[in-house]
There are 2 protein chains.
Amino acid sequence: MFVLGVDPGLSRCGYCVLASDGRTSKPVALGVLRTSPSEPTPRRLAELMGDVGALLGEYSPDAVAIERVLFQVNVRTAMSVGQAAGVVMAQAASRGVEVAEYSPNEVKGAVAGFGAADKAQVQRMVQLLLELPAPPSPADAADAAAVALAHVAVSGGSIPGRVLASGSGTNR
Amino acid sequence: MFVLGVDPGLSRCGYCVLASDGRTSKPVALGVLRTSPSEPTPRRLAELMGDVGALLGEYSPDAVAIERVLFQVNVRTAMSVGQAAGVVMAQAASRGVEVAEYSPNEVKGAVAGFGAADKAQVQRMVQLLLELPAPPSPADAADAAAVALAHVAVSGGSIPGRVLASGSGTNR
């Protein structure tokens with residue numbers, strides 16, 4: 001299965017496309033969608049909508065996993081993050097792609113084993129689970145990878161009819 | 001000029017298309033876009049995205065005026081309202097339509113003359129300005145009409161090259 005993990009944001013929106021066969025997951029694409037703070041908000045949201053549409057078109061993920069925005073953390077940026085998340089969810093759902101939301105604690109619990117894990121612990125677990133030489137960079141992309149991994153863990157990670165190129169030699 | 005006023009919301013999103021020649025404004029379309037609370041949020045946002053796209057396609061407004069979401073008012077619904085507003089703004093901007101945001105106090109100040117006006121006062125002024133037999137109903141549509149009127153007041157109301165059918169007899 002292909003999962004597009006998203007750490008929503010207007011200035012920086014982390015994304016990670018994971019290919020997973022249920023046991024191992026590999027990042028297929030990873031990065032950050034940026035929009036300029038000097039542009040008007042509607043223009044930036046439109047850019048994000050286009051960029052997310054391009055990712056969905058290029059990778060045809062089976063699901064989009066997105067981190068749920070919490071008010072309490074940062075009231076000043078929560079509104080723009082919420083607007084960005086709304087755009088991402090609408091784009092995915094309008095293309096018929098399943099969307100799952102995960103709270104930060106659900107992500108930490110699924111990836112690091114406990115909901116109170118700190119950012120560095122989550123990033124080390126992401127590195128370990130994806131067998132990378134270093135934690136994904138930048139941090140927003142690593143957070144997106146963590147959300148995608150959480151979805152793989154929760155959903156069981158495999159969808160019939162989707163076979164990974166790297167999934168050979170497992171039939172014993 | 002045509003202005004699409006929007007009172008954003010996920011369950012109920014008020015809209016009003018105003019035709020204005022700078023002196024008088026007439027509602028051309030007015031109503032509420034609804035999505036079902038029993039549907040998943042991403043599905044509802046996708047529906048809203050489609051409905052707003054249809055309005056933009058049908059009326060080709062010169063501008064979209066949208067009420068700015070404030071956190072303080074209702075924290076419980078602010079996030080879904082913010083997501084809805086994000087979808088509306090992205091849709092408009094992606095079609096090249098100018099988007100203007102107005103705070104509730106800016107709307108009240110422009111329509112009723114003072115920012116502390118109550119809801120009933122704003123609705124009576126909307127009725128008066130649009131020469132309607134009663135305040136627009138439902139309330140979300142009236143709020144959308146107020147935002148559109150605020151934009152007309154702020155922007156001067158006329159854009160060259162756009163002539164109202166009702167704009168005759170003014171050339172003296």
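Sequence lines set the chain letters: A, B, ... in the order given, protein chains first and strands last, and positions in each chain run from 1. Only this structure's heavy atoms are used, side chains among them; waters, hydrogens and symmetry mates stay out.
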**Student:** Specify the closest pair of heavy atoms between B:Val87 and A:Ala90, including all atoms of both residues, with the distance to one decimal.
**Tutor:**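 Reported closest heavy-atom pair: CG2-CB, 3.7 Å.
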**Student:** Give the cluster check for A:Leu56 versus A:Val32: same hydrophobic cluster or not, with ILVMFWY residues linked at side-chain heavy-atom distances below 4.5 Å.
**Tutor:**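 No: no chain of side-chain contacts under 4.5 Å links A:Leu56 to A:Val32.
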**Student:** Determine which residues belonging to residues 35-43 of chain A lie within contact range of chain B, meaning some heavy atom pair is under 4.5 Å apart, and list them by number or answer 'none'.
**Tutor:**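 Listed by number: A:Thr41, A:Pro42, A:Arg43.
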**Student:** Answer with yes or no whether the hydrophobic clustering places B:Phe2 together with B:Val99; edges join I, L, V, M, F, W, Y residues whose side-chain heavy atoms lie under 4.5 Å apart.
**Tutor:**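 Yes, B:Phe2 and B:Val99 fall within the same hydrophobic cluster.
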**Student:** Search all heavy atoms of B:Ala46 against all heavy atoms of A:Ser94 and return the closest pair with its distance.
**Tutor:**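 Minimum heavy-atom separation between B:Ala46 and A:Ser94: CB-N, 3.5 Å.
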**Student:** What parts of residues 110-127 of chain B touch chain A if we use heavy atoms and a cut-off under 4.5 Å?
**Tutor:**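 Checking residues 110-127 of chain B against chain A gives no residue, so none.
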**Student:** Heavy-atom cut-off 4.5 Å, strictly under: side chain, backbone, both or neither for A:Gln91 against chain B?
**Tutor:**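 For A:Gln91, backbone and side chain are both near chain B.
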**Student:** Hey, could you give me the CE/CE distance between A:Met89 and B:Met49, rounded to the nearest 0.5 Å?
**Tutor:**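 Atom-to-atom, A:Met89:CE and B:Met49:CE are 12.0 Å apart.
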**Student:** Hey, quick one: are B:Val147 and B:Leu129 part of the same hydrophobic cluster, counting side-chain heavy atoms closer than 4.5 Å, chains of contacts allowed?
**Tutor:**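 Per the 4.5 Å side-chain linkage, B:Val147 and B:Leu129 are co-clustered.
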**Student:** Applying a strict under-4.5 Å side-chain criterion to I, L, V, M, F, W and Y, I'd like to know whether B:Leu30 and B:Val28 cluster together.
**Tutor:**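 In one cluster with B:Leu30: B:Val28, no.
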**Student:** For the hydrophobic clusters of this structure (ILVMFWY residues joined by side-chain heavy atoms under 4.5 Å, transitively), does one cluster hold both A:Ile66 and A:Tyr59?
**Tutor:**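 A:Ile66 clusters together with A:Tyr59.
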